[in-house]
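Quick note: residue numbers are just sequence positions, from 1.
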Amino acid sequence: HAAGTDAHSALFRDPHGSKAAWMVPMRWIATGAIIIAIWAVVVAALRALNARAGEGHAALARWGVVALIVLIPTFTLFIWDALLALNVGFVSAMWGFYGLVGGMQAALAFLILIILAIGRGPNARLGEKHLLHDLGTWMVGGACVVTYITFAQYAIISFANLDEETHFILMRQQHGYGWLYVAEAVLRISPFAILMSQTARTHPVALIAAAVAVLVGFAIDITWIIVPAASPDHLPSAVWWVAHALAVLGGFGLWLLPVARLLAAAPVAPVGDARLRPALDADHLH
């Protein structure tokens, strides 16, 4: 057991020391803080422009492009830093894209739940059938993209068969962790089956089922990535899983409180965007 532990620890260290200067605590904390600050500035700018009726449209469109340009590299660096903190020796050319499309799928699922929750009263038009159909179509497309990227990453690692890459996957296929990934894969692909029917894409129950499945699968995926790094030789006990689930739900609830306040304090629809009314009136379907 001691020999196995030593081998495991060696694979978690960078054998060539090429990442030693990068993966230091102060740099890691500073980089994360700077990236989060950049995201906060972009979000604040988009919210401010969204509140300006009419005249903010052109600036909102420009800032939307800037937000995408800023998001992709900063998000990729952020999740790479988080991964290397768990396993500094791991290498995958697909990891940034894997994290990005996974986050986009989860965000889309959450957006569907928000729209269904507030799509009444002054926001009733946000729940129009053609808008729900578009969101359902994006959910189906997102499931396909996530499936493709996941398989592509696994295929590249499998074909290359390098120790620093295969160890990450093999460690998460043993000691019960493989079943976690099977459950996660089924849940995140499920929108492809649930929303295959055109009618189902406008049905709130089907959309809620698909969105919840994606969010649960996303939570399991994060667990599958993190937990084996701390417990590589055995699956944690049932008590640990219950505590973990409660902690995740509690953290989600604490995060949801400020989100709910923001939704109540500011208009949800981009009132400053001249394309809002044509979108609500389904002009794109004519």
Side-chain angles (χ1 to χ4, degrees), residues 64-65 67-68 71-72 75-76 79 92-120 123-156 178-225 248 252 256 259 263 268-270 273 275-276 278-286:
V65 175
L68 288 176
L71 172 66
I72 293 175
F75 185 81
T76 301
I79 62 172
S92 170
M94 303 293 293
W95 184 257
F97 203 22
Y98 175 83
L100 184 64
V101 298
M104 290 174 63
Q105 186 191 31
L108 182 59
F110 185 71
L111 176 63
I112 287 175
L113 294 179
I114 288 292
I115 288 178
L116 290 174
I118 67 174
R120 57 180 64 89
N123 295 311
R125 296 213 63 191
L126 295 179
E128 294 276 2
K129 280 193 173 183
H130 69 275
L131 295 178
L132 295 179
H133 182 275
D134 289 346
L135 290 172
T137 301
W138 278 102
M139 282 286 284
V140 173
C144 295
V145 173
V146 167
T147 302
Y148 170 75
I149 296 302
T150 302
F151 174 76
Q153 178 174 245
Y154 182 86
I156 292 172
W179 290 108
L180 277 181
Y181 200 70
V182 171
E184 177 264 335
V186 170
L187 288 169
R188 294 178 75 183
I189 297 172
S190 62
F192 186 80
I194 297 173
L195 302 176
M196 179 58 68
S197 167
Q198 297 288 338
T199 303
R201 295 182 196 181
T202 62
H203 199 289
V205 174
L207 288 169
I208 290 173
V212 171
V214 166
L215 291 174
V216 173
F218 185 70
I220 294 176
D221 185 45
I222 294 176
T223 303
W224 180 80
I225 293 169
V248 170
F252 180 75
L256 194 58
V259 172
L263 291 175
V268 177
D273 196 331
R275 296 167 294 183
L276 175 60
L280 294 176
D281 291 339
D283 289 355
H284 65 293
L285 299 177
H286 296 163

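Shown here for E184 and Y98, the closest heavy-atom pair between the two residues is OE2-OH, 4.4 Å. Of all non-hydrogen atoms in P204 and L116, the two that sit nearest each other are O-CD1, 3.9 Å. G96 approaches T76 most closely through the heavy-atom pair CA-CG2, 3.7 Å. Of all heavy-atom pairs between T202 and L132, the closest is O-CD1, 4.0 Å. Across every non-hydrogen atom of A143 and I189, the tightest pair is CB-O, 4.1 Å. Heavy-atom minimum distance, I79 versus G99: CD1-CA, 3.6 Å.
Other residues, nucleotides and ligands place more than 12 heavy atoms under 6.0 Å from the CE atom of M94. No more than 12 heavy atoms of other residues, nucleotides or ligands shown are found within 6.0 angstrom of CZ on F97. No more than 12 heavy atoms of other residues, nucleotides or ligands lie within 6.0 Å of CZ in F192, so this atom counts as exposed by the packing criterion. Surrounding CH2 of W138 are at most 12 heavy atoms belonging to other residues, nucleotides or ligands under 6.0 Å away.
Note that CD1 of I149 is 13.0 Å distant from CH2 of W95, once rounded to the nearest 0.5 Å. Interatomic distance, H203 NE2 to H133 NE2, rounded to the nearest 0.5 Å: 14.0 Å. Between the CZ atom in R201 and the CG atom in L135 there is a gap of 11.5 Å [rounded to 0.5 Å]. Remark: L68 CG to I72 CD1 distance equals 6.0 Å, nearest 0.5 Å.
The side chain to side chain contact (heavy atoms under 4.5 Å, CB included) test with M139 is passed by exactly one of L207, L108, I194: L108. Considering V186, I220, T150 as possible partners of Y181, the one that fulfils the side chain to side chain contact (heavy atoms under 4.5 Å, CB included) test is T150.
Contact check for V145 versus Y148: no side-chain heavy atoms found under the 4.5 Å cut-off. With a 4.5 Å cut-off on side-chain heavy atoms, L113 and L215 count as touching.
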Practice item. Under the side chain to side chain contact (heavy atoms under 4.5 Å, CB included) rule, what do I115 and L131 come out as? Steps first, then yes or no, please. Key: CA-CA 10 Å; I115 288 178; L131 295 178; over 6 Å; no

